[in-house]
Amino acid sequence: MVPDVVVLFFALGLVARLAGSELKVPQALYETLSIYLLLAIGLKGGVEISRQDAAALAPQIAACVALGLAIPFVLVPVLRRLGFSGVDSASLAAHYGSVSVVTFAVATSWLKQAGIPYESHAALWVAVMEAPALLTAIFLARRQGSGPTNWKRLAQDVLAGPSVMLLTGGLLIGAFMGAAGTAPLNPVFVDPFKGVLALFMLELGLVAGERIGQVRQFGLRLLAFGVLAPLALAVPGALVGVW
């Protein structure tokens, strides 16, 4: 199968950085692209939610929250056995329990290209899995003895964070307005989506190329975990999805 074109933009950024190119995406543009992607995915998911039965979505939301809470508890002991510190283990585990909006966008783009159907309201799952894993991971990191946790402040920082606010806000706007109400925004948030995603992937490739030297610092254990953990987590994810 021909690779998704946005993946090639990531490869371009990676090669450019490894080649010593001074190519860079301005910070202001990077932040704008991030805001755009979060809102666009949220709006699209919200429109699809408006077409769903709320009662049918409740078990899915509960399952996603449960997975987000549980995954760091499973991964932190594994990472500790691989030699990572308690704080680094919790940080890495949070990234696997939460959901990358860019990963979600690339995955759904690939599914469309491959002709594989998926639930049109999947963006809702991204939104509800954003916060639980972060809270769990911070709790596990705090257990290493770094002092008491101000849970009220922590919840505010996580739930009021830009990514959660933008994604959730987009979902609510899309769900409230529906397809007809958001139709005037299609030329901005629907048609150019893949082009904006390609620019964002270019930046991610540049970042990956810049930090590739850190692989030498952490060695094959980090690479092995990065490859095997998603495959292992896909099993309970698929089982929960089928259930």
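Computed from a prediction, not measured in an experiment: that's the story for all the values here.
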For this session: With rounding to the nearest 0.5 Å, note down the distance linking CG in Leu8 to CG in Leu12.
Result: 9.0 Å
Seminar exercise, completed: By side-chain hydrogen bond (donor to acceptor under 3.5 Å, both in side chains), Ser163 pairs with (sequence neighbours left out) Glu130
Problem set entry | Positive for side chain to side chain contact (heavy atoms under 4.5 Å, CB included) with Phe84, one of Val78, Val76, Leu79 | Leu79
Exercise. Hey, is the main chain of Leu23 close enough, under 3.5 Å, to the side chain of Arg17 for a donor-acceptor pair?
Worked result: yes
Problem set entry | Non-neighbouring partners of Phe225 that pass ring pair (Phe, Tyr, Trp, His ring centres under 6.0 Å), sequence neighbours left out | Tyr96
Problem set entry | ILVMFWY cluster, Leu124 and Leu69 together (side-chain gap under 4.5 Å) | yes
Problem set entry | Side chain Ser50, main chain Val47, donor-acceptor under 3.5 Å | yes
Exercise. How would you list, by chain and number, every residue that makes a ring pair (Phe, Tyr, Trp, His ring centres under 6.0 Å) with Phe10, sequence neighbours excluded?
Worked result: none
Problem set entry | Remaining members of hydrophobic cluster (4.5 Å side-chain criterion), Val164 | none
Exercise. In terms of hydrophobic clusters joined by side-chain contacts under 4.5 Å, are Leu82 and Val74 together?
Worked result: no
For this session: Please confirm whether the backbone N or O of Val188 pairs with a side-chain atom of Tyr36, one donor and one acceptor, at under 3.5 Å?
Result: yes
Side-chain donor-acceptor contacts of residues 172-187 below 3.5 Å, not counting sequence neighbours, with atom names and distances?
{"unit_1": "Thr182", "atom_1": "OG1", "unit_2": "Gly178", "atom_2": "O", "d": "2.9"}
{"unit_1": "Thr182", "atom_1": "OG1", "unit_2": "Ala179", "atom_2": "O", "d": "3.4"}

Problem set entry | Verify same cluster id: Leu199, Val190 (apolar side-chain graph, 4.5 Å) | no
Exercise. Looking at CG of Leu171 and CD1 of Ile41, how far apart are the two atoms once the value is rounded to the nearest 0.5 Å?
Worked result: 10.0 Å
Problem set entry | Test side-chain contact (heavy atoms from CB on, under 4.5 Å) applied to His121 - qualifying residues, sequence neighbours left out | Glu48, Ile49, Gln52, Leu57, Gln60, Glu119, Trp125
Problem set entry | Value rounded to 0.5 Å, distance of CZ in Arg211 from CG in Leu206 | 11.5 Å
Exercise. CD1 of Ile116: more than 12 outside heavy atoms within 6.0 angstrom?
Worked result: yes
Exercise. Where the side chain of Ser109 meets the backbone of Ala105, is there a donor-acceptor pair that is under 3.5 Å apart?
Worked result: no
